[in-house]
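Scope of the values below: all heavy atoms of this structure, side chains included, with no hydrogens, waters or symmetry mates. As the structure is a prediction and not an experimental result, all values here were calculated from the model.
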Amino acid sequence: VRLGHMVKYVSLGVMHGFTAGAAVLIATAQVPNFLGLPTYEGPRARSALLDAINRSLAGIDQIHWPSVMIGVGCLIVIIAARKLSRFVPGPLLAIVLAALAVFFTGWATGDPRLIGSVPQSLPSFSLPMFGSAYVDGTHTFSWSTVELMLVPAVAIAVLGLLEQAAIGKSIASKTGQ
């Protein structure tokens with residue numbers, strides 16, 4: 001479908017609003033991880049935003065302070081690096097300093113909440129089982145998996161299209177094209 005030319009009719013305000021909304025969703029989804037809350041295994045809300053807020057509020061008494069300290073420290077390093085020079089890679093510096101802090105404080109033994117075990121090798125090559133669910137050791141077709149993947153896939157595609165159009169409009173306005 002050749003609908004790319006239709007993007008020129010989308011206003012810059014709509015593009016900025018769409019991008020800001022995506023940024024809010026991404027940032028809000030990271031709040032439970034930032035607070036070091038355990039992985040939520042209960043029923044999910046229909047909205048990712050509401051789900052992240054619900055997880056954060058439900059686990060407010062389980063805040064893991066070493067994880068919060070690492071997160072706040074990383075934010076401070078990133079902001080300070082940006083203030084010092086635009087050539088200092090703040091996120092890279094924050095990751096290196098956080099890893100060193102975890103190593104030297106002894107938190108590497110499991111005190112900060114980690115994402116889980118990391119596989120020791122790459123998975124074997126196989127074709128993806130799109131729309132399948134893994135039940136009792138076998139793959140079965142599942143429309144619920146397709147439904148779960150379809151909306152985020154379309155949102156990512158539209159976001160990418162709008163971002164590219166905004167970049168193109170910005171360059172065109174600067175070069176007078």
Side-chain angles (χ1 to χ4, degrees), residues 15-126 128-130 133-134 145 148-167 170-171:
M15 287 187 196
H16 286 302
F18 189 82
T19 305
V24 167
L25 285 175
I26 292 168
T28 307
Q30 294 306 311
V31 169
N33 299 328
F34 185 84
L35 297 176
L37 298 176
T39 304
Y40 180 68
E41 299 295 334
R44 300 279 184 197
R46 192 74 173 143
S47 163
L49 178 66
L50 294 177
D51 187 47
I53 292 170
N54 184 30
R55 282 182 56 205
S56 299
L57 293 176
I60 200 80
D61 59 332
Q62 299 174 355
I63 291 177
H64 193 257
W65 292 106
S67 298
V68 173
M69 289 179 358
I70 291 170
V72 168
C74 285
L75 288 175
I76 290 170
V77 168
I78 291 169
I79 292 168
R82 185 169 291 164
K83 296 283 184 192
L84 291 174
S85 170
R86 64 184 181 122
F87 298 110
V88 176
L92 177 62
L93 185 61
I95 289 172
V96 169
L97 291 176
L100 289 172
V102 167
F103 178 76
F104 286 117
T105 58
W107 289 345
T109 59
D111 196 17
R113 303 268 165 86
L114 301 176
I115 57 172
S117 62
V118 177
Q120 298 297 316
S121 64
L122 295 173
S124 61
F125 180 76
S126 65
M129 298 294 292
F130 181 75
Y134 194 71
T145 306
L148 286 173
M149 294 173 70
L150 188 62
V151 173
V154 170
I156 289 169
V158 169
L159 180 62
L161 179 68
L162 291 177
E163 282 294 318
Q164 293 302 316
I167 291 169
S170 174
I171 292 172

- Message: Nearest 0.5 Å, please: how far is SG in C74 from CD1 in I79?
- Response: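 SG of C74 is found 11.5 Å from CD1 of I79.
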- Message: Measuring from atom OG1 of T105 to atom CE of M69, what distance do you get when rounded to the nearest 0.5 angstrom?
- Response: 7.5 Å
- Which pair of heavy atoms, one from A81 and one from V88, lies closest together, and at what distance?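 Nearest pair, atom of A81 first, then V88: CB-CG1, 3.7 Å.
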- Message: Please give me the minimum heavy-atom distance between A94 and I78, naming the atom from each residue.
- Response: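 Scanning both residues completely, I find the closest heavy atoms to be CB-CG1, 3.8 Å.
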- pair I70-S67: side-chain heavy atoms closer than 4.5 Å: no
